[in-house]
Novice: 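This is the structure I have questions about; it appears just below.
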Amino acid sequence: MVKPLDKWRALAAAFGDRATVSAPLGPLTTYGVGGPAALFLEIEGPDDLDEVRRTWRQHAPELEEPPAVFVLGRGSNLLVADEGFEGIVVHLGAGFGALDLPPIRDSAHRAGAPAVVRAGAAVALPVLARRVADAGWSGLSWAVGVPGSVGGAVRMNAGGHGSDMASCLVRYSWVDLLGDGGGTDDVSHLRYGYRSSSVTASQLVVAVELAVTPGSADKEQEAVTAIVRWRRQHQPGGSNAGSVFTNPEGDSAGRLIEAAGLKGFRLGTARVSEKHANFIQADKDGRADDVRALMAHVRDAVSEQSGVVLQAEVRLLGFDGGNNGPVEGNDAP
C-alpha cells in the first residue's frame with residue numbers, strides 16, 4: 001500500500017522543480033498562520049500549462065482517487081487550517097503577470113469610447129489600479145483597495161467602493177487543470193453573484209480583459225489616493241484577511257457584530273478588531289483554529305442577537321468539511 005507521503009513524493013518527482021512536498025502555506029497568506037500543503041505546484045507561466053496538464057494525465061491513473069486542488073493567489077482571503085491541506089495547491093508565477101494598457105491616442109478614445117485592459121491572473125489588484133490610473137484610464141480605481149490577485153478576484157467577484165469584477169470584466173481565459181476544459185468566455189459564463197462565481201476548484205483563470213474608459217490621470221490618481229486613505233482610516237492593518245463576513249442585504253456585517261458587543265473580543269490567539277468589527281486579527285505565531293473558532297462564535301452571537309446568520313467571505317482551506325461547517329462561505333480564494 002502506498003503511504004500518503006510517498007504518493008505526494010511520487011507526484012512531486014513527476015512534476016520536477018515545479019513541485020514541493022509539505023510546503024508551508026501560512027507565510028503565503030495575509031493571516032500568516034496555518035499549516036502546509038501536501039503538494040505545492042508552481043506554474044511559472046502560460047507555456048508551462050500544457051506540460052503540467054500532460055503530467056497530470058499521465059499520473060492520475062496511479063492515484064486511488066483524484067486529490068483536492070486549490071488555486072492560491074495572494075492569500076488575502078484565505079485561512080489555512082493548522083493541520084494544513086491534504087491536496088495540491090497551485091500557485092501562478094511571474095509569467096502570469098503581464099499587463100497591457102491601451103494607449104489613449106485616437107479620436108474614438110478621446111471621445112470617451114471604451115477600451116480593454118489585458119491582465120494576467122497573477123497581477124496584484126492594487127498594481128492594476130495604480131497602473132491604469134497613471135495611464136489616464138477610468139473604471140478600475142476601486143481595485144486599489146482589494147489586496148488580492150486578478151485571478152482570485154475573477155473567481156470570487158471581488159469588489160469594493162461601488163464596483164466589482166462583474167461590472168468590469170469583459171472576457172476571461174481559463175483552463176481546467178484536471179480535465180480538458182478551457183478557452184475564452186465572456187463574463188456571462190461566470191454566473192456571478194455577490195462574492196461568488198461558477199469557477200470550480202480545478203479551473204484556473206489565466207488572463208482577463210477589463211473594460212475601461214478614457215479619463216484624466218490626475219483625477220484617477222486622486223481617486224486611488226482617496227480610497228487608500230479611507231481604508232487606512234477605517235480598516236486595521238496587521239494579520240487579517242479583510243472582511244470576514246459578507247454584508248447581508250441592506251445591512252453591514254460590521255454593524256451587526258459591533259451591535260452584538262464583540263469589538264475587541266478575544267478567543268485564544270485571535271480577536272475581533274477594535275477598529276472594524278468585521279475584521280478578525282491573528283496574533284503573531286497564532287493559530288488558525290482560534291481564528292475559525294472566533295468566526296463561529298461571532299456568527300452565533302450575531303444570530304442570537306439579531307436573527308441574522310452571517311456568511312463567511314473568507315475561504316477556509318484544510319478544515320474538516322472544507323467550507324461546510326459553522327462558518328460556511330463562498331467557494332472562492
Novice: Please report the shortest heavy-atom distance between A121 and S149, naming the atom on each side.
Specialist: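 Minimum heavy-atom separation between A121 and S149: O-CB, 3.5 Å.
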
Novice: Could you see if V144 belongs to whatever hydrophobic cluster contains V132? Use Ile, Leu, Val, Met, Phe, Trp, Tyr and a side-chain cutoff under 4.5 Å.
Specialist: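 No, it is not one cluster - the side chains of V144 and V132 are not joined through contacts under 4.5 Å.
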
Novice: Where is the tightest heavy-atom contact between Y31 and N240, given as atom of each residue plus distance?
Specialist: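 Closest approach of Y31 to N240, heavy atoms only: CE2-CA, 3.5 Å.
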
Novice: Under 4.0 Å between a Lys/Arg side-chain N and an Asp/Glu carboxylate O for R54 and D50?
Specialist: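 No, this pair does not count.
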
Novice: Taking the basic N atoms (NZ, or NE/NH1/NH2) and the acidic carboxylate oxygens, is any pair closer than 4.0 Å for K263 and E258?
Specialist: yes

Novice: Are any side-chain N or O atoms of R266 and backbone N or O atoms of G268, one a donor and one an acceptor, separated by less than 3.5 Å?
Specialist: yes

Novice: Applying side chain to side chain contact (heavy atoms under 4.5 Å, CB included) to H161 and R231, what does each step give before you reach the verdict?
Specialist: CA-CA 10 Å; H161 301 276; R231 291 179 72 86; 3.8 Å; yes

Novice: Decide whether I43 and W8 are clustered together by the hydrophobic rule: side chain heavy atoms of Ile, Leu, Val, Met, Phe, Trp, Tyr closer than 4.5 Å, transitively.
Specialist: yes

Novice: Examine L99 and V208 and state if one hydrophobic cluster contains both, with Ile, Leu, Val, Met, Phe, Trp and Tyr joined whenever side-chain heavy atoms are less than 4.5 Å apart.
Specialist: yes

Novice: Just checking, any donor-acceptor pair under 3.5 angstrom between side chains of S167 and D164?
Specialist: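 There is such a pair between these side chains.
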
Novice: Closer than 4.0 angstrom, basic N to acidic O: yes or no for R57 and D180?
Specialist: yes

Novice: Is there a chain of hydrophobic side chains (I, L, V, M, F, W, Y, each step under 4.5 Å between heavy atoms) that links L79 to L267?
Specialist: yes

Novice: Quick check for you: to the nearest 0.5 Å, what is the distance between L92 atom CG and L204 atom CG?
Specialist: 5.0 Å

Novice: For Q58, is the CD atom crowded, meaning more than 12 foreign heavy atoms sit under 6.0 Å from it?
Specialist: yes

Novice: So, do V90 and F40 sit near enough that their side-chain heavy atoms are less than 4.5 Å apart?
Specialist: no

Novice: Under the side-chain hydrogen bond (donor to acceptor under 3.5 Å, both in side chains) criterion, do S273 and Q281 qualify, and how do the steps go?
Specialist: CA-CA 6 Å; S273 170; Q281 306 286 120; 4.7 Å; no

Novice: Working to the nearest 0.5 Å, report the span between CG of N247 and CG of N278.
Specialist: 6.5 Å

Novice: Does T29 use its side chain to pair, donor to acceptor, with the backbone of G26 at less than 3.5 Å?
Specialist: yes

Novice: Taking NZ, NE, NH1 and NH2 as the nitrogens, is one of them in R131 or D100 under 4.0 Å from a carboxylate oxygen of the other?
Specialist: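 No, R131 and D100 are not salt-bridged.
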
Novice: Using the side chain to side chain donor-acceptor pair (under 3.5 Å) rule, pick out the option among D285, D290, D283 that qualifies with T269.
Specialist: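 Single side chain to side chain donor-acceptor pair (under 3.5 Å) partner of T269 among D285, D290, D283: D290.
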
Novice: Considering non-hydrogen atoms only, spot the tightest contact between A133 and V224 and give its length.
Specialist: CB-CG2, 3.9 Å

Novice: Taking all heavy atoms of E220 and all of G139, pick out the closest pair and write down the distance.
Specialist: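 Scanning both residues completely, I find the closest heavy atoms to be OE1-N, 4.3 Å.
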
Novice: Enter the distance from L78:CG to L25:CG here, rounded to the nearest 0.5 Å.
Specialist: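 Between L78 CG and L25 CG, I get 7.5 Å after rounding to 0.5 Å.
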
Novice: Are R171 and D186 within salt-bridge range, i.e. N to O under 4.0 Å?
Specialist: no

Novice: So, taking the atom named CG in D82 and the one named CG in D289, what distance separates them when rounded to the nearest 0.5 Å?
Specialist: 4.0 Å

Novice: Look at E62 together with K7 and state whether they make a salt bridge at an N to O cut-off of under 4.0 Å.
Specialist: no

Novice: Any side-chain heavy atom of V291 within less than 4.5 Å of one from V244?
Specialist: no

Novice: Would S216 and D218 count as a side-chain hydrogen bond (donor to acceptor under 3.5 Å, both in side chains) if you check the C-alpha gap in whole Å, the side-chain angles of each, and the deciding distance to 0.1 Å?
Specialist: CA-CA 5 Å; S216 159; D218 289 342; 4.9 Å; no

Novice: Can you name the one residue among E42, E51, E44 that meets side chain to side chain donor-acceptor pair (under 3.5 Å) with R18?
Specialist: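 Looking at E42, E51, E44, the match for R18 under the side chain to side chain donor-acceptor pair (under 3.5 Å) is E51.
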
Novice: V175 versus R53: any side-chain heavy-atom pair under 4.5 Å?
Specialist: yes

Novice: Side-chain contact test, heavy atoms from C-beta onward, threshold under 4.5 Å: evaluate it for R191 versus V199 and give yes or no.
Specialist: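 Not in contact.
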
Novice: Going by atom types alone, do T246 and E313 pair a side-chain donor with an acceptor below 3.5 Å?
Specialist: no

Novice: Do you know which two heavy atoms are closest between V146 and A158, and how far apart they sit?
Specialist: CG1-CB, 4.1 Å

Novice: Just by distance, do the side chain of W137 and the backbone of P102 share a donor-acceptor pair under 3.5 Å?
Specialist: yes

Novice: Classify the angle between the aromatic ring planes of F279 and H276 as parallel (below 30°), tilted (30 to 60°) or perpendicular (above 60°).
Specialist: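 Taking H276 first and then F279, their aromatic rings sit tilted (interplane angle of 30° to 60°).
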
Novice: Please determine whether side chain to side chain contact (heavy atoms under 4.5 Å, CB included) holds for the pair V80 and F319, giving the CA-CA distance in whole Å, both sets of side-chain angles, and the decisive distance to 0.1 Å.
Specialist: CA-CA 8 Å; V80 181; F319 292 92; over 6 Å; no

Novice: For E304, I'd like to know if atom CD has over 12 heavy atoms of other residues, nucleotides or ligands within 6.0 Å.
Specialist: no

Novice: Heavy atoms, side chains only, cut-off 4.5 Å: are V206 and L49 in contact?
Specialist: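 In short, these two side chains touch, coming nearer than 4.5 Å.
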
Novice: Measuring from L177:CG to I88:CD1, what's the distance to the nearest 0.5 Å?
Specialist: 9.0 Å

Novice: Would you say the side chain of R195 lies within less than 4.5 Å of the side chain of R155, judging by non-hydrogen atoms?
Specialist: no

Novice: Can you find a side-chain donor-acceptor pair between T184 and S173 that sits under 3.5 Å?
Specialist: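 There is such a pair between these side chains.
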
Novice: Over 60° means perpendicular and under 30° means parallel, so tell me whether H297 and F265 are parallel, tilted or perpendicular.
Specialist: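 Taking F265 first and then H297, their aromatic rings lie parallel (interplane angle under 30°).
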
Novice: Does any non-hydrogen side-chain atom of R271 lie less than 4.5 Å from one of I280?
Specialist: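 No - every pair of side-chain heavy atoms lies 4.5 Å or more apart.
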
Novice: Applying the 4.5 Å side-chain criterion to the ILVMFWY set and letting contacts propagate, would L128 and V187 be lumped into a single cluster?
Specialist: yes

Novice: Taking T20 for the side chain and A23 for the main chain, is one N or O donor matched with an acceptor at less than 3.5 Å?
Specialist: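 No, the answer is negative, given that no donor and acceptor are paired below the 3.5 Å cut-off.
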
Novice: On the 0 to 90° scale, with breaks at 30° and 60°, tag the H189-W174 ring pair as parallel, tilted or perpendicular.
Specialist: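 Ring orientation, 0 to 90° scale: parallel.
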
Novice: Under a 3.5 Å cutoff, is there a donor and acceptor pairing between the side chains of D176 and Q203?
Specialist: no

Novice: Assess the residue pair F245 and V314 against the criterion (side chain to side chain contact (heavy atoms under 4.5 Å, CB included)); give the C-alpha distance rounded to whole Å, side-chain angles, the decisive distance to 0.1 Å, and a yes or no.
Specialist: CA-CA 7 Å; F245 298 99; V314 172; over 6 Å; no

Novice: Decide side chain to side chain contact (heavy atoms under 4.5 Å, CB included) for E249 and Y194; before the verdict, give the C-alpha distance in whole Å, the side-chain angles of both, and the deciding distance to 0.1 Å.
Specialist: CA-CA 10 Å; E249 186 173 355; Y194 178 58; over 6 Å; no

Novice: Please check if the number of heavy atoms outside E83 that lie under 6.0 Å from its CD is greater than 12.
Specialist: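 At most 12 heavy atoms, drawn from other residues, nucleotides or ligands, come within 6.0 Å of this atom.
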
Novice: Rounded to the nearest 0.5 Å, what's the gap from CZ on F96 to CG on D48? Could you check?
Specialist: 7.0 Å

Novice: Centres of the F15 and H59 rings: under 6.0 Å?
Specialist: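 Between H59 and F15, which both carry aromatic rings, the centre distance is not below 6.0 Å.
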
Novice: Please find the pair of heavy atoms, one from L262 and one from V272, that lie closest to each other, and give the distance.
Specialist: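 Taking L262 first and V272 second, the nearest heavy atoms are O-CB, 3.2 Å.
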
Novice: Using a 4.5 Å cut-off on heavy atoms from C-beta on, say whether the side chain of Y192 contacts that of S198.
Specialist: no

Novice: Scan side-chain atoms only and decide if S197 and N157 contain a donor-acceptor pair under the 3.5 Å cut-off.
Specialist: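 N157 and S197 do not have a side-chain donor-acceptor pair below 3.5 Å.
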
